[in-house]
Amino acid sequence: MNVQVEKLEKNMAKMTVTVPSEDFDKATVEAYNRQKNRISIPGFRKGHAPKAMIEKMYGAAIFYEEAVDIILDRTYPEACRESGLEIASRPEISVEKIEKGQDLVYTATVAVKPEVELGEYKGVEVAKADAEVTDEEVDAEIKRTQERNARIVSIEDESREIKDGDIVNIDFDGFVDGKEFAGGKGEDYPLTIGSHSFIEGFEDQLIGHKAGEEVDVNVTFPEDYHAEELKGKPALFKVKVRTIKEKQLPEIDDDFASEVSEFETLSEYKDSVRKEIKERKEKWAAQQNENNVVAAVVANAKIDVPDAMIDTEAEQMAQNFRRRIESQGMNFDQYMKYTGMTAESIKDNMKPQAETTIRTRLTLEAIVDKEGISAPDDRVQAEIDRAAKQYGMEPDAFKEAIGDQIEQLKRDLAVQEAIDFLVAEAKLTDAVKEEASEK
């Protein structure tokens with residue numbers, strides 16, 4: 001096998017691979033053996049027709065497609081190694097010469113890992129994420145706990161009208177153009193007024209009515225509604241109010257604090273809530289600071305990312321997205337139908353994030369190399385222990401199982417070390433104080 005490399009524009013390259021004729025002939029024989037049981041020739045039992053007879057009847061090219069697949073499986077990985085290229089995309093294969101008894105020639109056009117021209121990366125200046133906790137945040141958290149501990153009480157007073165926040169049980173029947181439509185009917189359906197779980201305006205029209213009353217509700221389906229036949233259509237819902245319930249909130253006092261926490265007083269409970277929020281915000285702020293520092297460093301770098309590399313990354317992201325959807329028990333084809341998306345549009349939507357991911361990774365890897373950063377042995381071992389536990393394996397067995405991938409693991413951890421280095425070197429400024437001084 002002979003491999004020639006031609007560098008193209010924008011970090012692309014073309015490998016021209018020449019496969020000796022004897023190897024191509026062997027591949028056509030293997031293709032024949034795979035296909036012969038599916039080919040019928042008059043005068044021969046299926047699977048017993050000679051290769052030459054089949055080629056005479058159907059042409060020698062009958063076995064070429066599978067033979068090329070066999071050749072690619074066996075030669076492309078070796079061609080990549082011989083090329084010395086750092087290949088960063090799927091190949092675009094083109095067969096340049098294919099003829100019986102002749103060398104097979106194909107080309108593989110690929111993206112190669114681009115060079116990174118680092119800009120300023122030590123001491124970049126970014127606004128520090130705010131981790132201060134306000135009284136309003138504490139009150140809002142306590143309010144959410146109050147809501148979770150509310151009592152739902154049935155309204156017995158027949159004169160009591162529906163108000164915002166009530167929970168009503170209703171029967172409803174929907175009509176569009178005077179006809180019932182699929183999915184527009186329900187019985188004894190629980191609906192919280194103000195939840196906006198129905199079409200906009202539906203819940204508001206129930207306010208002021210009483211249990212037992214029948215109400216005509218007129219609404220219009222939104223233009224982006226998931227059912228094509230209902231988009232933008234006016235609809236009439238005939239609604240019967242069965243029951244009304246209201247949410248009764250507990251008083252926020254010492255008794256409330258002792259019921260929902262380990263503390264006896266509201267003051268102690270508030271201090272505890274403030275501390276929990278503080279811890280959450282500090283973790284969030286640390287992550288935000290890290291993201292902002294890395295984004296600033298990446299913005300300072302110059303990288304000519306080839307489109308094929310972005311396409312490959314977006315394809316991988318789209319496949320991961322599909323797996324996440326299916327892991328939640330959803331059929332992906334039904335998901336696309338429901339959302340009006342296609343596999344191609346999902347991939348296209350992934351491309352901006354794919355490019356950001358590539359630029360970030362390449363920049364951080366360049367800093368690892370320039371600064372000579374490596375992951376400490378204890379950090380590598382800790383990651384092996386964590387992953388081994390996740391898979392129910394002993395650390396040594398896990399390490400043996402991943403084999404050469406241990407080097408990629410070390411590289412990934414070195415990238416995280418680089419992030420820690422950048423954050424430690426960065427200048428985190430107080431945005432609030434800066435704004436005040438500017439004013």
Side-chain angles (χ1 to χ4, degrees), residues 1-28 30-31 34-35 59-100 102-117 302-323 332 336 341-363 365-366 408:
M1 181 179 69
N2 177 265
V3 181
Q4 294 182 331
V5 177
E6 177 187 356
K7 295 289 183 70
L8 306 176
E9 294 181 347
K10 202 177 179 183
N11 292 304
M12 298 292 291
K14 182 166 74 174
M15 295 186 295
T16 300
V17 183
T18 303
V19 180
S21 58
E22 56 267 27
D23 291 340
F24 177 55
D25 289 342
K26 289 177 184 177
T28 60
E30 189 170 337
R34 291 181 183 181
Q35 296 182 31
I62 187 172
F63 301 119
Y64 284 0
E65 183 176 351
E66 187 151 5
V68 168
D69 289 341
I70 293 168
I71 289 291
L72 289 174
D73 286 343
R74 291 175 180 168
T75 64
Y76 180 70
E78 180 61 30
C80 293
R81 285 189 288 271
E82 284 191 25
S83 72
L85 300 172
E86 287 192 78
I87 295 173
S89 74
R90 295 185 306 275
E92 184 180 320
I93 301 293
S94 176
V95 177
E96 303 298 327
K97 179 184 175 184
I98 184 167
E99 189 176 341
K100 188 174 182 179
Q102 300 291 316
D103 293 346
L104 171 71
V105 180
Y106 70 88
T107 61
T109 304
V110 294
V112 296
K113 185 177 178 180
E115 293 292 326
V116 178
E117 184 182 336
K302 293 181 181 178
I303 315 171
D304 191 7
V305 182
D307 292 338
M309 191 175 183
I310 296 171
D311 191 71
T312 298
E313 181 73 20
E315 176 68 31
Q316 184 61 51
M317 292 172 68
Q319 289 175 2
N320 291 340
F321 176 72
R322 176 172 187 152
R323 282 193 286 269
F332 192 68
M336 288 194 293
M341 302 185 76
T342 64
E344 194 62 31
S345 67
I346 289 173
K347 189 176 84 170
D348 286 343
N349 289 342
M350 298 286 186
K351 285 184 178 180
Q353 181 58 44
E355 182 172 2
T356 299
T357 298
I358 292 168
R359 288 183 179 278
T360 301
R361 184 173 65 233
L362 292 176
T363 301
E365 287 177 349
Q408 184 58 51

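Positions are given from 1, in the same order as the sequence printed here. Model, not experiment: these values are computed from the prediction.
Separation of atoms CG (Asp103) and CD1 (Ile98) is listed at 12.0 Å; rounding is to 0.5 Å. Rounding to the nearest 0.5 Å places NZ of Lys302 at 12.0 Å from CZ of Arg359. Residue Ile358 holds its CD1 atom at 12.0 Å from NZ of Lys113, rounded to the nearest 0.5 Å. Here the NZ atom belonging to Lys97 is positioned 14.5 Å from the OG1 atom belonging to Thr107, to the nearest 0.5 angstrom. Atoms CG and CD, from Asn349 and Glu344 in turn, are 10.5 Å apart once rounded to the nearest 0.5 Å.
When side chains are defined from C-beta on, Glu92 does not count as touching Val110, because their heavy atoms never get closer than 4.5 Å. In this structure, the side chains of Asn2 and Val17 stay at 4.5 Å or more apart for every pair of heavy atoms. Between Ser89 and Pro306 there is no side-chain heavy-atom pair separated by less than 4.5 Å. Under the 4.5 Å side-chain criterion, counting only non-hydrogen atoms from C-beta, Ile346 is in contact with Met336. Here the side chains of Thr16 and Glu6 are not in contact, with every heavy-atom distance at 4.5 Å or above. In this structure the side chain of Cys80 never reaches within 4.5 angstrom of the side chain of Glu82, judged on heavy atoms. Looking at heavy atoms from C-beta onward, Ser94 lies out of side-chain contact with Thr109 at the 4.5 angstrom threshold. By the 4.5 Å heavy-atom criterion applied to side chains, Arg34 and Ile70 are counted as neighbours.
Closest non-hydrogen pair, Phe63 versus Ala31, comes out as O-CB, 3.7 Å. Of all heavy-atom pairs between Pro77 and Arg74, the closest is CD-C, 4.4 Å. Smallest separation of non-hydrogen atoms from Ala60 and Lys100: CB-CD, 4.4 Å. Here the closest heavy-atom approach between residue Ile62 and residue Gln35 is recorded as O-OE1, 3.9 Å. Between Ala354 and Ala314, the shortest heavy-atom distance links the atoms CB-N, 3.7 Å.
Taking the six-membered ring where the residue is Trp, the centroids of Tyr64 and Phe24 are separated by under 6.0 Å.
Within a 6.0 Å sphere centred on CD of Glu115, heavy atoms belonging to other residues, nucleotides or ligands number 12 at most. By the neighbour-count criterion of 12 heavy atoms within 6.0 Å, atom CD of Gln353 is densely surrounded, having more than that number from other residues, nucleotides or ligands. Within a 6.0 Å radius of CD in Gln319, other residues, nucleotides and ligands contribute more than 12 heavy atoms. Applying the 6.0 Å contact sphere to CD of Glu9 captures no more than 12 heavy atoms from other residues, nucleotides or ligands.
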Working note: Val105 + Val19, criterion side chain to side chain contact (heavy atoms under 4.5 Å, CB included); need CA distance, chi angles, decisive distance, verdict.
CA-CA 6 Å; Val105 180; Val19 180; over 6 Å; no
Between Met309 and Leu362, is a side chain to side chain contact (heavy atoms under 4.5 Å, CB included) present by the stated rule, with each step listed?
CA-CA 12 Å; Met309 191 175 183; Leu362 292 176; 4.2 Å; yes
Where do Leu85 and Lys7 land on the side chain to side chain contact (heavy atoms under 4.5 Å, CB included) test, with the steps shown first?
CA-CA 10 Å; Leu85 300 172; Lys7 295 289 183 70; 3.7 Å; yes
What verdict does the side chain to side chain contact (heavy atoms under 4.5 Å, CB included) test give for Glu99 and Ser21, after you've listed the backbone C-alpha separation in whole Å, the side-chain angles of each residue and the deciding distance to 0.1 Å?
CA-CA 9 Å; Glu99 189 176 341; Ser21 58; over 6 Å; no
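Between the side chain of Asp304 and the backbone N or O of Pro114 there is no donor-acceptor pair closer than 3.5 Å. Side-chain atoms of Thr312 come within 3.5 Å of backbone atoms of Ala308 as a donor-acceptor pair (strictly under, hydrogens ignored).
A salt bridge does not link Lys26 with Glu30: none of the charged nitrogens is closer than 4.0 Å to a carboxylate oxygen. Ion pairing of Glu313 with Lys347 is absent here, as no side-chain N (NZ or NE/NH1/NH2) approaches a carboxylate O to less than 4.0 Å. At a threshold of 4.0 Å, the pair Lys351-Asp311 counts as salt-bridged, since one of the basic side-chain nitrogens sits closer than that to a carboxylate oxygen. With respect to the salt-bridge test (charged N to carboxylate O, under 4.0 angstrom), the residues Asp307 and Lys10 qualify.
Thr75 and Tyr106 share a donor-acceptor pair across their side chains, judged by distance under 3.5 Å alone. The closest side-chain donor-acceptor pair between Thr363 and Thr360, if any, does not fall under 3.5 angstrom.
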